[in-house]
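One structure is given here, and the rest of the page talks about it.
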Amino acid sequence: MAAPSSLASSNMSRLSGFSRRAVAFTPATSAPQQLRLGCSRRRAQRIVAMAGSGKFFVGGNWKCNGTKDSVSKLVSELNAATLEPDVDVVVAPPFIYIDQVKNSLTDRIELSAQNVWVGKGGAYTGEISAEQLVDIGCKWVILGHSERRNIGENDDFIGKKAAYALSQNVKVIACIGELLEEREAGKTFDVCFRQMKAYADNITNWTDVVIAYEPVWAIGTGKVASPEQAQEVHAAIRDWLKTNVSPDVASSIRIIYGGSVNAGNCADLAKKEDIDGFLVGGASLKGPDFATIINSVTSKKVAA
Ligand code: PEP
């Protein structure tokens, strides 16, 4: 597999400075559901990864799906599921159903919005403020999702949204990730670091932030990143945080993977050292599948 960018080699050597253990990094040879890109450019390389120390985290992004009835069915499935205790679980229904879910879902699972206004509420037609999320007991918000970047939200606006949400005690799932053409052009690290910088320019306290690495080519496409592809970028993000924010933030923050995660592929991804959980779209609409993904934390324990 190709290094995502020309920054790869310098990052690989910087990574070794804070390693806990070295991981041999070799390209996938056959993975029908996985996208393999640019394998010829770099045959194999060693990356050295540092695992985060945070609790496993799984978020379900329901996007613009559902009706009162289907939401009620999904909530019943989630309430009936047996979930491993040592996982933070969050679901993000469409705004209009958050209150319904809040009133029917087990407290074991926290609620997230899929978007929030950039500042205090007021004359902003169609928007929802962070204060209103707090008012209805919604503790999280997903920001920087590629589906919102795609309709015009830029890095700076997303960074400002994150800062305002955090200032109101709304926790942030901060998404980043490259387009297919950016990966193919070797710009994966450049794009992810640029998006990370926009968050870092605005965020002063990272305690309530989870980073979601979601390669855009993997979202909703069925083309999941290979565990090695995801691990490589997660390790690089952690290294970027160590250099540009602080070693403490780098080791404590959760970096979760999103992009066509399902009940069948979650266990192999979860085993990777720097993958601290998942952000799940399609598969989060099926209660039993989402529960399997949450419980993939057990693969992580076996791998440790
Ligand atoms: C997402 O929308 O954040 C996502 C990862 O979607 P999917 O799991 O369907 O690819």
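Along the sequence shown, residues are numbered consecutively beginning with 1. Just follow the structure's listing: the first ligand is 1, and inside any ligand the first atom is 1.
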Open item on the list: Between ligand 1 and Lys63, is the shortest N or O to N or O distance under 3.5 Å?
Closed with: yes
Open item on the list: Does Lys197, at its NZ atom, have more than 12 non-hydrogen atoms belonging to other residues, nucleotides or ligands within less than 6.0 Å?
Closed with: no
- [ ] With heavy atoms of Gly259 as the reference, note each atom of ligand 1 found under 4.0 Å away.
- [x] 5 (C), 10 (O)
TODO: Write out the residue and atom name of the closest protein heavy atom to atom 8 (O) of ligand 1, then the distance separating them to 0.1 Å.
DONE: Gly281 N, 2.8 Å
Open item on the list: Any nitrogen or oxygen of Ile219, side chain or backbone, less than 3.5 Å from one on ligand 1?
Closed with: no
Task: Residue pair Glu178 / Trp217, side-chain donor-acceptor N/O under 3.5 Å - done: yes
Open item on the list: Going by side chain to side chain contact (heavy atoms under 4.5 Å, CB included), Gln195 matches just one of Ile237, Asp155, Ile158. Which one?
Closed with: Asp155
TODO: Tell me which protein heavy atom sits closest to atom 1 (C) of ligand 1, plus the residue, atom name and distance to 0.1 Å.
DONE: His145 NE2, 3.2 Å
- [ ] Assess whether atom CD1 of Ile136 is packed by more than 12 heavy atoms of other residues, nucleotides or ligands within 6.0 Å.
- [x] yes
Task: Nearest-contact summary for atom 3 (O) of ligand 1 - protein heavy atom, Å - done: Glu214 OE2, 2.7 Å
Task: Thr207 side chain to Asn205 side chain, donor-acceptor N/O pair below 3.5 angstrom - done: yes
Open item on the list: To check your reading of the model: name the closest protein heavy atom to atom 9 (O) of ligand 1, its residue, and the distance in Å.
Closed with: Gly282 N, 2.9 Å
Open item on the list: Can you tell me if Gly220 contacts ligand 1 (heavy atom of the residue under 4.0 Å from the ligand)?
Closed with: yes
Task: Atom indices of ligand 1, in the order listed, that fall short of 4.0 Å to a heavy atom of Ala218 - done: 10 (O)
Open item on the list: Tell me whether Leu279 has any N or O atom under 3.5 angstrom from an N or O of ligand 1.
Closed with: no
- [ ] Could you tell me whether ligand 1 has any atom less than 4.0 Å away from a heavy atom of Cys175?
- [x] no
Open item on the list: Quick check on Asn103: does its CG atom have over 12 non-hydrogen neighbours (other residues, nucleotides or ligands) under 6.0 Å away?
Closed with: yes
Contacts table for residues 56-63: side-chain donor-acceptor under 3.5 angstrom, sequence neighbours left out:
| residue | atom | partner | partner atom | Å |
| --- | --- | --- | --- | --- |
| Asn61 | OD1 | Lys63 | N | 3.0 |
| Lys63 | NZ | Glu147 | OE2 | 2.8 |

Open item on the list: Could you tell me if Lys161 and Asn202 have a donor-acceptor pair between their side chains, going purely by distance under 3.5 Å?
Closed with: no
- [ ] Check whether any N or O atom of Val280, backbone or side chain, sits under 3.5 Å from an N or O atom of ligand 1, and answer yes or no.
- [x] no
